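One structure below.
Heavy-atom basis, side chains included; hydrogens, waters and symmetry copies ignored. Just so it is clear, the model here is predicted, and its values are computed rather than measured.
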Amino acid sequence: MLVKTYCAAVTGLEATVVKVEVSTSRGVMFHLSGLADTAVKESHDRIKAAMENNGFKFPVADITVNMAPADIRKEGSGYDLPIAIGILAAAGKVESSMLDKYMLIGELSLDGHLHAVRGALPIAIRARAEHFKGLIVPKDNVREAGVVNNLEVYGMDTIMDVIAFLNGNNKQEPQNLDTRKIFFERQYDFELDFSDVRGQESVRRALEVAAAGGHNLIMIGPPGSGKSMMAKRLPSILPPLSLSESLETTQIHSVAGKLGSDTALISQRPFRSPHHTISPVALVGGGNSAQPGEISLAHNGVLFLDELPEFNRSVLEVMRQPLEDRRITISRARYVVEYPSSFMFVASMNPCPCGYYGDPTHSCVCTPGQISHYMNKISGPLLDRIDIHCELAAVPFADLAKMSPGEPSEKIRERVIKARQIQEARYKDFKGIHCNAQMTERMLHQFAEPDASSLEKLRLAMERLQLSARAYSRILKVARTIADLEGSDGILGHHIAETIGYRNLDRGDWAERRF
């Protein structure tokens, strides 16, 4: 007897429908074909144990399972359920008339319970696109898949629930989620707020400018000056995610298996802060199954690298192309996977190995050579992609002792959103350009050209402060953002002056001078 069930294979953010064909004949062998990996091949043992522990005898027959298309690699344990249902249907234990209407995914435990799998959201999107009536998933994946409209999504606890449903004995209702309500009710529910920050007004201003224009930023200061504290509060002043951005971000986390069972949509911009021991593959993505890395998990959000010089140089260098292209391409012999990676890159570092170079309250014990070697761990090409450099000093006791809170994130976010709205309107005719940080060189001449006096001020600053040529376009982009925060149509002299203060690491004498 021949029976067909349907599931999906996820490659990158795309899902491909997989037809599971189960044929039985006289014999005692089990055959599995269709370019399956080890986890799929091991499904035979899990399926057999799950059947026997739920009162079903594994068929004594020659069973052939084919997973088409055969040229796409099948990875993971999500194929357990469709294979098991196919075998039971071929044995006459499951009604087969419903199998072409539903897509099935799920990992089987030995007692028949269903465990969550990766990629339920892109699979649900594909099921709707292929006009399936519904999707049957483990209970822990039901909220994730349930955000897809016009598709019946059923969350099941055990294989017995699935069997009863397909046989018409279980009239379970599909998951019904109010996607927009879920999305909007959690957008502004932040645990961290800028009102907790005392002092550091100049750095708070730099973070506001960075958030308003989507600029990359690096903070340099001694230990305890508040670098990590302020970086963690950056998402609270960023513009809220749009529904399309949220769906794309949720897909990435779904593929990576990072969504919790109670999560339907990611409502806030991601904040990823990997440890400095991270490998290049973990950062950019890859591995045997080409999973998304930290830069893709930070898509539409913030990637924060604390203690930047402590990261392996090879790890930092692989970020250069994603920072420029805002996408990462992972190539393998049989396939190529592309993940989006449009994020704000925020980094922090000490000014020297001991951390106290230039600090008036502590003595630095590092030699000039050690300081130079420490700074040289960050390459020029990577530094070229960071728009704002800001220096921090230790917070004075008078600021720490203030009882009144600082400006809350809500007020800062209002100004940032207004500046972003100006940029959205300005770049509405340019595909893929949403903020000032994404401007091309040609767009700089169209939208960020300073007047004659401002241009002369920029020329003098570049000569006197020994600013590098790579700082020119960065200064214009940041100046355009400062002008947008003020609601100014043109770039004025004080916009240029403030921006020049954000290019400290471009100064030729930085390593030799005191703060």
Let me check something: any side-chain donor-acceptor pairs from residues 113-123 under 3.5 Å, sequence neighbours excluded? List them with distances.
unit_1: His113; atom_1: ND1; unit_2: Asp111; atom_2: OD1; d: 3.2
unit_1: His113; atom_1: ND1; unit_2: Asp111; atom_2: OD2; d: 3.2
unit_1: Arg118; atom_1: NH1; unit_2: Gln291; atom_2: OE1; d: 3.0

Side-chain donor-acceptor distances from residues 86-97 under 3.5 Å, at least two apart:
unit_1: Glu95; atom_1: OE2; unit_2: Ser97; atom_2: N; d: 3.4
unit_1: Glu95; atom_1: OE2; unit_2: Ser97; atom_2: OG; d: 3.2

Distance-only check: which donor-acceptor pairs under 3.5 Å involve side-chain atoms of residues 66-73, not counting sequence neighbours?
unit_1: Asn66; atom_1: OD1; unit_2: Ser33; atom_2: OG; d: 3.0
unit_1: Asn66; atom_1: ND2; unit_2: Glu21; atom_2: OE1; d: 2.9
unit_1: Arg73; atom_1: NE; unit_2: Glu75; atom_2: OE2; d: 3.2

For a quick test of your reading: what N or O donor-acceptor pairs under 3.5 Å do the side chains of residues 128-140 make, sequence neighbours left out?
unit_1: Arg128; atom_1: NH1; unit_2: Asn149; atom_2: O; d: 3.2
unit_1: Glu130; atom_1: OE2; unit_2: Arg126; atom_2: NH1; d: 3.2

Task: side-chain hydrogen bond (donor to acceptor under 3.5 Å, both in side chains) between Tyr427 and Asn436, worked out - done: CA-CA 9 Å; Tyr427 307 130; Asn436 291 331; 2.5 Å; yes
- [ ] Please report the C-alpha distance between Leu217 and Asp387 in whole Å, then the side-chain angles of each, then the deciding distance to 0.1 Å, and finally whether the side-chain contact (heavy atoms from CB on, under 4.5 Å) criterion is met.
- [x] CA-CA 6 Å; Leu217 173 143; Asp387 301 340; over 6 Å; no
Task: Pair Arg480-Arg426, side-chain contact (heavy atoms from CB on, under 4.5 Å): steps then yes or no - done: CA-CA 12 Å; Arg480 179 66 270 172; Arg426 179 187 299 136; 3.5 Å; yes
TODO: Would you check, one step at a time, whether the test side-chain contact (heavy atoms from CB on, under 4.5 Å) holds for Gln268 with Leu241?
DONE: CA-CA 6 Å; Gln268 297 179 359; Leu241 285 168; 5.7 Å; no
Open item on the list: Between Gln187 and Asp189, is the side-chain contact (heavy atoms from CB on, under 4.5 Å) condition met? List the steps.
Closed with: CA-CA 6 Å; Gln187 274 194 321; Asp189 185 19; over 6 Å; no
TODO: Could you go through the ring-ring contact (aromatic ring centres under 6.0 Å, His included) check for Tyr6 and Tyr102 one step at a time?
DONE: CA-CA 7 Å; Tyr6 296 88; Tyr102 294 92; over 10 Å; no
TODO: Would you sort out whether Glu410 and Arg415 count as a salt bridge (Lys or Arg N to Asp or Glu O under 4.0 Å), showing the intermediate values?
DONE: CA-CA 9 Å; Glu410 183 180 1; Arg415 298 194 294 266; over 6 Å; no
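The shortest non-hydrogen separation linking Thr24 to Ile63 is CG2-CG1, 4.1 Å. Across all non-hydrogen atoms, the minimal contact from Met349 to Pro309 is CB-CD, 3.5 Å. Nearest heavy-atom pair across Phe304 and Ser348 is CZ-OG, 3.6 Å. Ile218 and Ile378 make their closest contact through CD1-CD1, 4.4 Å (heavy atoms, listed as atom of the first residue, atom of the second, distance). Heavy atoms only, all atoms of each residue included: Ser379 and Arg313 are closest at CB-NH2, 3.2 Å. The heavy-atom pair separating Tyr154 from Val142 by the smallest distance is C-CG2, 4.2 Å.
Remark: Phe430 pairs with Phe447 by the ring-ring contact (aromatic ring centres under 6.0 Å, His included) rule, at least two apart or across chains. Applying the side-chain contact (heavy atoms from CB on, under 4.5 Å) criterion to Val197, with sequence neighbours excluded, gives Phe194, Arg204, Met229, Met230, Arg233. Evaluation of the side-chain contact (heavy atoms from CB on, under 4.5 Å) rule for Arg385 yields Arg320, Leu323, Glu324, Pro381, Arg474 as partners, not counting sequence neighbours. For Glu248, the side-chain hydrogen bond (donor to acceptor under 3.5 Å, both in side chains) criterion is met by His299, not counting sequence neighbours.
Side-chain contact between Leu81 and Ile105 is absent, with no heavy atoms from C-beta onward closer than 4.5 Å. Using a 4.5 Å heavy-atom cutoff, the side chains of Val20 and Pro82 are in contact. A 4.5 Å side-chain heavy-atom check between Lys19 and Cys7 finds every atom pair outside the cut-off. Using a 4.5 Å cut-off on side-chain heavy atoms (C-beta onward), Leu238 and Val302 make contact.
Identified under the salt bridge (charged side-chain N to carboxylate O under 4.0 Å, His left out) test for residues 297-310, with sequence neighbours left out: none. Residue pairs meeting the salt bridge (charged side-chain N to carboxylate O under 4.0 Å, His left out) criterion with at least one partner in residues 142-159, sequence neighbours excluded, do not occur; the list is empty. The salt bridge (charged side-chain N to carboxylate O under 4.0 Å, His left out) contacts involving residues 283-300 comprise Arg272-Glu294, where partners must be two or more places apart or lie in separate chains. For residues 31-40, no pair satisfies salt bridge (charged side-chain N to carboxylate O under 4.0 Å, His left out), with sequence neighbours left out.
A distance of 8.5 Å separates CD of Glu14 from CD1 of Ile125, quoted to the nearest 0.5 Å. Here Leu382 contributes atom CG and Asp384 contributes atom CG; the two are 9.0 Å apart, rounded to the nearest 0.5 Å. Atom CD1 of Ile159 and atom CD1 of Ile47 lie 7.5 Å apart (nearest 0.5 Å). Between atom CD of residue Glu338 and atom CZ of residue Arg327 there is a gap of 4.0 Å, rounded to the nearest 0.5 Å. Separation of atoms CG (Leu265) and CG (Leu243) is listed at 6.5 Å; rounding is to 0.5 Å. Leu166 contributes atom CG, which lies 6.5 Å from atom CG of Leu104 (distance to the nearest 0.5 angstrom).
With hydrogens and angles disregarded, a donor-acceptor distance shorter than 3.5 Å links the side chain of Asn216 to the backbone of Phe345. With Ser342 contributing its side chain and Asn300 its backbone, the two residues share no donor-acceptor pair below 3.5 Å. Asp80 places a side-chain N or O within 3.5 Å of a backbone atom of Leu108 that can act as its donor or acceptor partner. Using modelled atom types, one side-chain atom of Thr250 and one backbone atom of Ser246 make a donor-acceptor pair closer than 3.5 Å. Of the possible polar contacts, one joining the Asp193 side chain to the Ser195 backbone as a donor-acceptor pair under 3.5 Å is found. Under a 3.5 Å cut-off, the side chain of Asp325 and the backbone N or O of Pro322 do not form any donor-acceptor pair.
Salt bridge annotation for Arg269-Glu245: present, with a cationic side-chain nitrogen under 4.0 angstrom from a carboxylate oxygen. A salt bridge does not link Asp484 with Lys418: none of the charged nitrogens is closer than 4.0 Å to a carboxylate oxygen.
Note on ring orientation: taking the six-membered ring where Trp is involved, the planes of Phe311 and His276 are perpendicular (angle over 60°, cut-offs 30° and 60°). Ring orientation note: the planes of Phe30 and Phe58 are tilted relative to one another, at an angle of 30° to 60°.
Shown here is Asp45, whose CG atom has more than 12 heavy atoms of other residues, nucleotides or ligands within 6.0 Å.
Residues Ser225 and Gln200 bring no donor and acceptor atom of their side chains to less than 3.5 Å of each other.
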